[in-house]
Amino acid sequence: MRLSQFHLATVKEVPADAEIASHRLMLRAGMIRKLAAGLYTWSPLGLRVLRKVEAVVREEMNRAGAVEILMPTIQPRELWEETGRWEKFGGQLLKIKDRKEQEFCYAPTAEEVVTDFARNELKSYKQLPVNFYQIQTKFRDEIRPRFGVMRAREFLMKDAYSFHLTQESLAQTYDAMYQAYSRIFTRLGLTFRAVQADTGAIGGNASHEFQVLADSGEDALVFSDGSDYAANIEKAEALAPTAARPAPAAELKRVDTPTQKTIEDVAAFLQVSPTQCVKTILVRGGKGLVALCVRGDHEVNEVKAGKLAELPGESVLAGEEEILAVTGTRPGFIGPAGLPAEIPVIVDRDAAVLADFVCGGNQDGTHYTGANWERDARITRVEDIRKVVAGDASPDGKGTLQLARGIEVGHVFQLGSKYAEALDATVLDENGKAKVMLMGCYGVGISRIVAAAIEQRHDEAGIIWPEPMAPWRVAVCVINPKHSPEVAQAAESLYAELSRRGIETVLDDRGLRPGAMFADMELIGIPHRVVVSERGLAAGTLEYRARHEAEARAITRDELFTLLD
Ligand code: ATP
Ligand code: MG
């Protein structure tokens, strides 16, 4: 490609809302342009990278035996009614009407449509297993679209759906997809981990997320230092403490804490450790408020809490008004001792072994010291409801947990019969009996991968692409071609030879000053840069620099070809 014929449009300034490196660099390199919140146009440069990722994903899906289809992005309401998700999917679902007032949604995912396809196409167990995939645009009306294409509203996803007669077959395809994903992210040159993931409202047996490790990642992950245990923090179990609860030794005493509302303030004021305090969170359950109690240094895990029978689906914090109305106390002073009897008290396993603890006094401006379970505070049930922290024992009993942050780029899921049952997708088994199929689903965030790779690989000057994702492998920069026909000719000949050898090359023939040209090539992250100049020609060499190296060096044409082969 000749840059003079390409639309490269790098920019100096980026908007202040570009908070993370990948978002800033994608804008500066001119890979994407914002149309509206969470909606982006991919420029020619950005699209080259997106297509590279797409190609690797497609190759590995095909290699793993999946077959490609293409489903519409507009899906009819009736189909979503069959699974109950027209209502349940919530605000992320973009609903639209046609001129006949028929309702549709823009695909956030395609379980309904693919299961409809499967129930019409698949009649016999002999057609199974089969794994259909597509690479298609999705729309989710995210509450907070941000970080550019990382969390966009419209984005490109590879979604695959497999159909099976038996659980063994599902487990086999799940494993094949797990392997395919590992190959995809390895090939793309990313540092990633597969972690156990929560199966959420969908249920099912197994789920793993593929996470690109990056400090800016939205997901918290935990790893054991003594085994290969790795999980999303949402999923990680906090093991029950081994020590039993000591017997009460102190009297229950109300103390004034006029302005101390947070655990940190209360603990500092009363000169106790937060580990000796109980933190009480009131959430809205199906039948009124529910109290969640964790140790002062711990946090409630909302996903675990969401699974409590009292809190179907999600835990929503109670509002100040509501708390005041039910308890007569403002948030900050709530505790398990003396809470109204109708509020269930769910206590985390670590909080449940405390004795003589500090907790809210259920009276504005006061806390209790010397509080004890059973004697002073009711326990409805003890459960694992906290987030694990660094240093906790690994749930598999081997080693301790470490924390890291990640960007979710892929998700594999054993769905079981949920969708096939709702849509009555059956096949005839060996005995001619209709059987509901089992399903797996497997997603890759193609556009998110582009941002995730940059997040992991960049420096002050710009992007450092792993070669399989780079828009071009080599940039040939020509110095002053107008003044020297020899230089122009040498650059043309080098460009032609690299192209002949099948090496993707961009010729920077825009006639820019060297500084501006080099800055652009560094910003857009081309792995190999070669400079053709009068001085080099005289010496019979080219100036070469790898994007990740600090210094340029002189090499011959042949050395360059060897290096790139
Ligand atoms: P997240 O927790 O990040 O919202 P999700 O669990 O909703 O992701 P899935 O439904 O599993 O995501 O979708 C499959 C893949 O699509 C994800 O692993 C992710 O890489 C990508 N993805 C999901 N939402 C977005 C988005 N808003 N923008 C870009 N990519 C996305
Ligand atoms: Mg999401």
Side-chain angles (χ1 to χ4, degrees), residues 20 22-23 26 32 34 36-40 42 46 50 53-54 57 61 73 85 88-94 106-112 114 133-161 174 177-178 180-182 184-185 188 190 192-202 204 206-214 216-221 231-235 302-303 306 314 405-415 419 439-456:
I20 60 170
S22 59
H23 189 189
M26 286 184 82
I32 52 168
K34 181 171 170 176
L39 301 177
Y40 291 87
W42 289 79
L50 190 70
V53 176
E54 193 182 313
V57 172
M61 290 306 290
T73 54
R85 289 211 297 180
K88 260 204 216 126
F89 204 89
Q92 287 204 343
L93 195 63
L94 178 67
Y106 195 102
T109 175
E111 282 83 6
E112 279 80 359
V114 80
Y133 80 96
Q134 65 169 351
I135 295 177
Q136 175 67 296
T137 301
K138 303 287 181 298
F139 188 95
R140 293 181 183 178
D141 202 355
E142 300 276 358
I143 297 177
R144 261 191 90 193
R146 60 186 185 146
F147 304 154
V149 297
M150 189 82 88
R151 182 166 299 284
R153 293 199 297 168
E154 188 173 307
F155 57 97
L156 191 59
M157 191 203 284
K158 185 284 297 173
D159 42 329
Y161 309 86
Y174 183 82
M177 284 296 102
Y178 186 104
Y181 279 31
S182 300
I184 289 168
F185 300 120
L188 291 174
L190 301 170
F192 71 97
R193 283 293 293 268
V195 303
Q196 293 178 25
D198 182 62
T199 46
I202 302 177
S207 168
H208 286 88
E209 288 166 357
F210 285 77
Q211 297 270 355
V212 163
L213 303 183
S216 60
E218 289 185 294
D219 286 16
L221 314 175
N232 191 308
I233 199 164
E234 292 177 343
K235 160 97 179 172
E302 283 158 21
V303 172
E314 51 182 347
R405 298 206 69 88
I407 300 166
E408 182 195 322
V409 287
H411 198 168
V412 293
F413 223 113
Q414 295 192 17
L415 290 171
Y419 293 94
M439 283 174 70
C441 75
Y442 320 92
V444 169
I446 304 230
S447 43
R448 182 180 284 182
I449 287 175
V450 177
I454 299 174
E455 212 47 54
Q456 224 171 38

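Only heavy atoms go into these numbers, but all of them, side chains included; no hydrogens, no water, no symmetry mates. Just so you know, ligand 1 is whichever comes first in the structure, and atom 1 is the first atom listed for that ligand. Since the structure is predicted, the reported quantities are computational estimates derived from the model, not experimental observations.
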Would [X] count as a polar contact of ligand 1, with the cut-off being nitrogen or oxygen pairs under 3.5 Å?
| X | result |
| --- | --- |
| S447 | no |
| A152 | yes |
| R153 | no |

Considering only NZ, NE, NH1 and NH2 on the basic side and carboxylate oxygens on the acidic side, decide whether E218 and R146 come within less than 4.0 Å.
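So E218 pairs with R146 through a salt bridge.
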Per atom 30 (N) of ligand 1, closest listed option by heavy atom (F147, F139, F155)
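Of the listed residues, F155 has the closest heavy atom.
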Closest candidate by heavy atom, reference atom 3 (O) of ligand 1, pool R151, K138, R146, R140:
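That would be R151.
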If we ignore hydrogens and angles and just use 3.5 Å, is the side chain of [X] paired with the main-chain N or O of [Y] as donor and acceptor?
| X | Y | result |
| --- | --- | --- |
| E234 | A197 | no |
| E154 | L39 | no |
| S447 | L156 | yes |
| R448 | V409 | no |

Could you verify whether a donor N or O on one side chain and an acceptor N or O on the other, from Y106 and R153, lie under 3.5 Å apart?
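Y106 vs R153: no donor-acceptor pair found between side chains.
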Would you mind listing which atoms of ligand 1 come within a distance below 4.0 Å of any non-hydrogen atom of [X]?
| X | result |
| --- | --- |
| H411 | 11 (O) |
| G410 | 18 (O) |
| E142 | 24 (N), 26 (C), 27 (N) |

Are T109 and ligand 1 in contact, using a heavy-atom cut-off of under 4.0 Å?
no
Nearest heavy-atom contact between A160 and M61 is CB-CE, 3.7 Å
Applying a 4.0 Å heavy-atom criterion (strictly less than), which segment of E408 is in contact with ligand 1: side chain, backbone, both, or neither?
both
Contact partition for V149 relative to ligand 1, non-hydrogen atoms under 4.0 Å:
backbone
Taking it one step at a time, do E142 and Q92 satisfy side chain to side chain contact (heavy atoms under 4.5 Å, CB included)?
CA-CA 6 Å; E142 300 276 358; Q92 287 204 343; 3.1 Å; yes
